[in-house]
2 protein chains.
Amino acid sequence: METTTAYSTAEALEMLCALSQESRLDIFRLLVQSGPDGLAAGAIARHCHLPAPTCSFHLKELKKGGLLRCCRHGRSQIYTVNLQGIRDLLDYLTEHCCTDHCDHEATNGADGREPEAVD
Amino acid sequence: METTTAYSTAEALEMLCALSQESRLDIFRLLVQSGPDGLAAGAIARHCHLPAPTCSFHLKELKKGGLLRCCRHGRSQIYTVNLQGIRDLLDYLTEHCCTDHCDHEATNGADGREPEAVD
DNA sequence: TATTTATTTCAATACTATTGGAAATATGGA
DNA sequence: TCCATATTTCCAATAGTATTGAAATAAATA
């Protein structure tokens, strides 16, 4: 495992796009709960109350974003979360969107601060 | 750390929607870099190569999602990142989308649950 | 091969988001 | 007050995303 987490903004954006939809966030959370064994497409559709084609569309988007994996098992397609994917997204957000002055519990807790014009 | 951050899925979703757009991710990252002093709307538009109305639209979306704050300073509107907002999103993702078997630091969580196929 | 079950692709439609010019609003200063 | 600057709102055009029934594909089994 050589995870350098040199995650590009483009890749992070694609992941954010994948997760930023209600049904897809539902599906993703369901699969996180389901653990490494994953779930078949049909079971996911039933759980999330989605018609099969709608569910299939969202699964494809999540897979495209690198958040899911799938493999065939008999007649079923078993979907599982790609753990490294969500970790990479968290790392990206921590690194690029939450740096130094935004370092967890570092600075003063309250929001109050007097901003000054820049530029 | 005393705050429980009971961030709802609906709120997390709104934040994900706010961040999952190229211009908005650009703006957000720019403001993270700019630190607590923030930047005026005009400066943000120039930095991100956006016409003023387009930039204003995106700033409003980010603010709606709880990722930015703004306050007037003379003729300028100064935008700053809402640190608690992005922290809450990270906490939500860690808690709901990256649990046990997706342990960041390979720590065996206090609740170790058996991952099993759900229905 | 024909049948059943599981899932995806297609295609039409509906919906939501993005864009940017023009006009409106807000502020500071002469 | 009038003018210049800073930003937002309005609005209409365009672009992109979501939804789902019907058809197609895939695999197991008789």
Item to check | Test item: Leu19(B) and Ile86(B) side chains (from C-beta on) under 4.5 Å apart, heavy atoms | outcome: yes
Checklist outcome for this item: For Gly66(B) and Met15(B), the nearest pair of non-hydrogen atoms, with its separation, is O-CE, 4.0 Å
Next on the checklist: Just to be sure I understand the geometry, which residues of residues 13-30 of chain B put a non-hydrogen atom under 4.0 Å away from DNA chain C?
Outcome noted: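 Contacts with DNA chain C under 4.0 Å: Gln21(B), Arg24(B).
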Checklist entry - Who pairs with Ser23(A) by side-chain hydrogen bond (donor to acceptor under 3.5 Å, both in side chains), at least two apart in sequence or on another chain? => result none
Checklist entry - Taking atom types as modelled and ignoring hydrogens, do the side chains of Ser8(A) and Tyr92(A) form a donor-acceptor contact shorter than 3.5 angstrom? => result no
Next on the checklist: Report for the helix from dT1(C)-dA30(D) to dA30(C)-dT1(D): angle between first-end and last-end helix axes, five pairs each, rounded to 10 degrees.
Outcome noted: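 It comes to 10° between the two terminal axes.
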Checklist entry - Atom NE2 of His58(A) to atom P of dT17(D): distance rounded to whole Å? => result 13 Å
Checklist entry - Under 4.0 angstrom, heavy atoms only, what part of the nucleic acid is Ala40(A) near: base, sugar-phosphate, or nothing? => result sugar-phosphate
Where do N or O atoms of nucleotides 20-22 of chain D meet protein N or O atoms at under 3.5 Å, pair by pair?
residue : atom : partner  : partner atom : Å
dT20(D) : OP2  : Thr54(A) : OG1          : 3.4

N/O-N/O pairs, protein side and nucleotides 3-5 of chain D side, under 3.5 Å:
none

Next on the checklist: Closest approach to the side chain of Ser56(B), judged atom by atom: which nucleotide of dA26(D), dA6(D), dT8(D) is it?
Outcome noted: dT8(D)
Item to check | salt bridge (charged side-chain N to carboxylate O under 4.0 Å, His left out) partners of Lys63(A), counting only residues at least two apart | outcome: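 Scan of Lys63(A) (salt bridge (charged side-chain N to carboxylate O under 4.0 Å, His left out), adjacent residues dropped) gives none.
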Item to check | Ser76(B) side-chain N/O to dT7(D) phosphate OP1/OP2 under 4.0 Å | outcome: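 Ser76(B) to dT7(D) OP1/OP2: side-chain N or O found under 4.0 Å.
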Checklist entry - Which heavy-atom pair separates Gly65(B) from Ala18(B) by the least distance, and what is that distance? => result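 Result for this residue pair: CA-CB, 4.4 Å.
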Listing, residues 72-79 of chain A side-chain donor-acceptor contacts under 3.5 Å, not counting sequence neighbours, or none:
residue  : atom : partner  : partner atom : Å
Arg72(A) : NH1  : Gly74(A) : O            : 3.3
Arg72(A) : NH1  : Arg75(A) : O            : 3.4

Side-chain donor-acceptor contacts of residues 52-59 of chain B below 3.5 Å, not counting sequence neighbours, with atom names and distances?
residue  : atom : partner  : partner atom : Å
His58(B) : ND1  : Arg24(B) : NH1          : 3.1

Item to check | Outermost nucleotides of DNA chain C that come under 4.0 Å of a non-hydrogen atom of chain A | outcome: dT4(C) to dT9(C)
Checklist entry - Residues two or more places apart in sequence or in another chain: which of them pass side-chain hydrogen bond (donor to acceptor under 3.5 Å, both in side chains) with Arg69(A)? => result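 Once residues adjacent in sequence are excluded, Arg69(A) has no partner under the side-chain hydrogen bond (donor to acceptor under 3.5 Å, both in side chains) criterion.
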Checklist entry - Do Ile27(A) and Leu50(A) pass the side chain to side chain contact (heavy atoms under 4.5 Å, CB included) test, and can you show the C-alpha distance, the side-chain angles, and the key distance before you say yes or no? => result CA-CA 10 Å; Ile27(A) 291 170; Leu50(A) 295 170; 4.1 Å; yes
Next on the checklist: Quick one, Leu67(B) and Asn82(B) - any side-chain contact, counting heavy atoms below 4.5 Å?
Outcome noted: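 The answer is no; the side chains never approach within 4.5 Å.
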Item to check | salt bridge (charged side-chain N to carboxylate O under 4.0 Å, His left out) against Glu14(B), all qualifying residues, sequence neighbours excluded | outcome: none
Item to check | From CA spacing to verdict: side chain to side chain contact (heavy atoms under 4.5 Å, CB included), Val32(A), Cys98(B) | outcome: CA-CA 7 Å; Val32(A) 168; Cys98(B) 207; over 6 Å; no
Checklist entry - Are Leu31(B) and Thr80(B) close enough that some pair of their side-chain heavy atoms sits under 4.5 Å apart? => result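 Leu31(B) vs Thr80(B): side chains apart.
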Item to check | His73(A) NE2 - dA28(D) C1' separation (whole Å) | outcome: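 That distance rounds to 12 Å.
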Item to check | Nearest atoms (heavy-atom pairs only) where Arg29(B) meets Cys97(A) | outcome: CG-SG, 4.1 Å
Next on the checklist: Below 4.0 angstrom, which residues in residues 59-69 of chain A have at least one non-hydrogen atom near DNA chain D?
Outcome noted: none
